[in-house]
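Worksheet: the structure to be examined is printed underneath.
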Amino acid sequence: QVQVVESGGGLVQAGDSLRLSCTASGHTFSSSAMGWFRQAPGKEREFVAAISWSGGVSYYADSVKGRFTISRDNAKNTVYLQMNSLKPEDTAVYYCAAGLGYGNRRSQSTYDYWGQGTQVTVSS
């Protein structure tokens, strides 16, 4: 069993930066791909970014490419999402997920464990 816990959300102004952290317990973290998804009010949950187990490959949604950076520290069982130049449309609950197998890392169905989410609010 893997427990996933996000932290670092908050209220910021447009143009500000924020770093989210996600800690996953369990010995499988270093062999798990990790992903960030978000869900805005009234919208479906959508892919934001993902990173391979080694950290060597990362993927981004077009809407965040160039502004967000995903990284991981396997020694700390932690994955990060650095968010720069935040926009009001980035306002959402951000979820972290761990995926043990293979698959399309942009798809929610390839992830096995999910956190409870952390709220990010960007004011204009």
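Distance alone, capped at 3.5 Å, is enough to place a donor-acceptor pair between the T110 side chain and the N104 backbone. Here the side chain of S32 pairs no donor or acceptor atom with the backbone of M34 at under 3.5 angstrom. Side-chain N or O atoms of Q39 include none that pairs as donor or acceptor with a backbone N or O of A92 at under 3.5 Å. Of the possible polar contacts, none joining the N77 side chain to the T23 backbone as a donor-acceptor pair under 3.5 Å is found.
V2 and S25 get closest at one heavy-atom pair: CG1-O, 3.2 Å. Annotation for T78 and S21: closest pair CG2-CB, 4.3 Å, computed over non-hydrogen atoms. Nearest heavy atoms, F29 versus V79: CZ-N, 4.1 Å. Taking both residues in full, the closest heavy atoms of Y60 and T69 are given as OH-CA, 3.3 Å, listed atom of the first, atom of the second, then distance.
With sequence neighbours excluded, the residues satisfying side-chain hydrogen bond (donor to acceptor under 3.5 Å, both in side chains) with S109 are S107. Remark: Q3 pairs with no residue by the side-chain hydrogen bond (donor to acceptor under 3.5 Å, both in side chains) rule, at least two apart or across chains. Not counting sequence neighbours, the partners of E46 by the salt bridge (charged side-chain N to carboxylate O under 4.0 Å, His left out) test are R38. Every residue two or more places apart in sequence or in another chain that forms a side-chain hydrogen bond (donor to acceptor under 3.5 Å, both in side chains) with Q119 is listed here: T121.
Counting side-chain heavy-atom gaps under 4.5 Å among Ile, Leu, Val, Met, Phe, Trp and Tyr, Y80 is found in no cluster with other residues. Grouping Ile, Leu, Val, Met, Phe, Trp and Tyr residues whose side-chain heavy atoms lie under 4.5 Å apart, directly or via other members, places Y95 in a hydrophobic cluster with F37, F47, V57, Y59, V93, Y111, W114.
For the disulfide (SG to SG under 2.5 Å) condition, the pairs that include at least one residue of residues 74-124, sequence neighbours left out, are C22-C96. Applying the salt bridge (charged side-chain N to carboxylate O under 4.0 Å, His left out) test to residues at least two apart or on different chains, none of the pairs has a partner in residues 103-123. For residues 61-71, the set of pairs meeting the salt bridge (charged side-chain N to carboxylate O under 4.0 Å, His left out) definition, not counting sequence neighbours, comprises D62-K65, R67-D90.
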Contacts table for residues 13-20: side-chain donor-acceptor under 3.5 angstrom, sequence neighbours left out:
{"from": "D16", "atom 1": "OD2", "to": "Q13", "atom 2": "N", "distance (Å)": "3.1"}
{"from": "S17", "atom 1": "OG", "to": "N84", "atom 2": "OD1", "distance (Å)": "2.9"}

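To the nearest 0.5 Å, atom OG of residue S30 and atom CZ of residue R72 are 7.5 Å apart.
Within the 4.5 Å cutoff, the side chain of V48 has heavy atoms near those of the L81 side chain.
W53 is not connected to I70 by any chain of hydrophobic side-chain contacts under 4.5 Å among Ile, Leu, Val, Met, Phe, Trp and Tyr, and they are in different clusters.
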